[in-house]
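What follows is a short report on a single structure.
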Amino acid sequence: MARRYWLLKSDPDTFGIEHLKAARDRTTMWDGVRNFQARNYLRDGIAVGDGVLFYHSQWKPPAVVATARVVRTGYPDPTQFDPRSPGHDPRSKREAPRWFVVDVQLDRELKCPVTLPQIRATPELQEMILIRRGRLSVQPVTADEWRIVTRLGGL
DNA sequence: GCCAACGTTGGC
DNA sequence: GCCAACGTTGGC
């Protein structure tokens, strides 16, 4: 299967590019997603080797800041079983987990972040789910969109 | 911090 | 199966 592309949003106050750079192997488990549509992509859609646009949400302005690569896919989010975790979900059972994660490894930091206003202002990017439908923290990106965004970012 | 968009939940 | 209530997301 051809390599596919995704955009993953994270609030940098919780987990941002600086955290990822500091992580062991520059790799992190992408936990905490609690939206079913996003969950389905994490569980069923994303494959090892797929490309990731790392996006800082809740930032001024929000922006794509780096590319990353998927290094492990589709396993249960351990935080859902942890009563002390903010991600705890009492409805999750070990044998029937509700929430899933992938592992991503930092690839390249963009030379200049590609901001949401910039994306909105780019005619070729009008079909991005980021624009068409907000509030989805895991979303597919086309190969064309990937190429345009990374180019705007100076890669 | 507000609130709009959207999805899930649950009473009936 | 409808739909109002509720929770989450995320731009502003």
Side-chain angles (χ1 to χ4, degrees), chain A residues 4-23 27-46 50-70 72-104 106-107 109-142 144-146 148-154:
Chain A
R4 286 183 298 184
Y5 303 96
W6 308 89
L7 182 145
L8 301 190
K9 297 180 184 176
S10 184
D11 173 1
D13 288 337
T14 305
F15 190 93
I17 178 80
E18 295 308 320
H19 298 89
L20 187 52
K21 279 157 89 171
T27 298
T28 190
M29 179 177 72
W30 202 273
D31 63 12
V33 171
R34 295 294 181 269
N35 167 283
F36 285 94
Q37 209 173 342
R39 185 281 308 272
N40 293 343
Y41 287 132
L42 290 174
R43 187 185 59 189
D44 309 325
I46 300 183
D50 283 357
V52 169
L53 296 175
F54 189 111
Y55 178 89
H56 279 175
S57 62
Q58 330 233 45
W59 207 233
K60 16 81 175 169
V64 176
V65 294
T67 67
R69 183 181 305 273
V70 176
R72 184 180 172 193
T73 56
Y75 62 101
D77 184 339
T79 66
Q80 71 193 303
F81 304 122
D82 179 358
R84 289 160 319 192
S85 167
H88 180 236
D89 187 341
R91 295 166 296 188
S92 290
K93 301 283 173 288
R94 291 273 174 190
E95 63 278 13
R98 287 162 61 90
W99 307 113
F100 286 76
V101 294
V102 298
D103 288 356
V104 303
L106 182 62
D107 187 10
E109 192 169 2
L110 300 193
K111 291 197 174 66
C112 43
V114 178
T115 68
L116 182 56
Q118 200 178 350
I119 290 170
R120 282 195 201 284
T122 304
E124 304 91 317
L125 297 178
Q126 292 310 298
E127 294 304 312
M128 284 190 77
I129 295 169
L130 186 68
I131 306 293
R132 312 282 302 186
R133 151 148 160 58
R135 302 171 184 82
L136 183 61
S137 63
V138 178
Q139 54 182 261
V141 168
T142 68
D144 283 344
E145 290 161 353
W146 171 275
I148 292 162
V149 170
T150 52
R151 192 163 297 162
L152 286 171

Please give, in whole Å, the distance from [N] [atom2] to [X] [atom1]?
| X | N | atom1 | atom2 | answer |
| --- | --- | --- | --- | --- |
| A:F36 | B:dA5 | CZ | C1' | 18 Å |
| A:Q80 | C:dT8 | CD | P | 15 Å |
| A:I129 | C:dG10 | CD1 | P | 13 Å |
| A:D13 | C:dT9 | CG | P | 15 Å |
| A:I119 | C:dG10 | CD1 | P | 14 Å |
| A:N35 | B:dT8 | CG | P | 7 Å |
| A:R34 | B:dT9 | CZ | P | 13 Å |
| A:Y41 | C:dT9 | OH | C1' | 16 Å |

Output yes when at least one side-chain N/O atom of [X] is less than 4.0 Å from OP1 or OP2 of [N], else no.
| X | N | result |
| --- | --- | --- |
| A:Q37 | B:dG7 | yes |
| A:R98 | B:dT9 | yes |
| A:Y55 | C:dT9 | no |

Salt-bridge present (A:D77, A:R39; N to O < 4.0 Å): no

Using a 3.5 Å distance criterion without hydrogens, assess whether the side chain of A:Q139 forms a donor-acceptor pair with backbone atoms of A:L8. no

Are the side chain of A:E124 and the backbone of A:I148 linked by a donor-acceptor contact shorter than 3.5 Å?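 No, because the side chain of A:E124 does not come within donor-acceptor range (under 3.5 Å) of the backbone of A:I148.
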
By nearest nucleotide on DNA chain B, pick out whichever of A:Q58 and A:R91 is the more 5' one. A:Q58

Among A:I119, A:L116, A:T115, which one satisfies side-chain contact (heavy atoms from CB on, under 4.5 Å) with A:P62?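 For A:P62, the side-chain contact (heavy atoms from CB on, under 4.5 Å) test succeeds with only one of A:I119, A:L116, A:T115, which is A:L116.
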
With heavy atoms under 4.0 Å as the rule, sort [X] into base, sugar-phosphate or nothing.
| X | answer |
| --- | --- |
| A:R132 | nothing |
| A:K9 | sugar-phosphate |
| A:R39 | nothing |

Do A:R135 side-chain and B:dA4 base share a donor-acceptor contact under 3.5 Å? yes

Of all heavy-atom pairs between A:W99 and A:V33, which one has the smallest distance, and what is that distance?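 Where A:W99 meets A:V33 most closely, the heavy atoms are CE3-O, 3.5 Å.
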
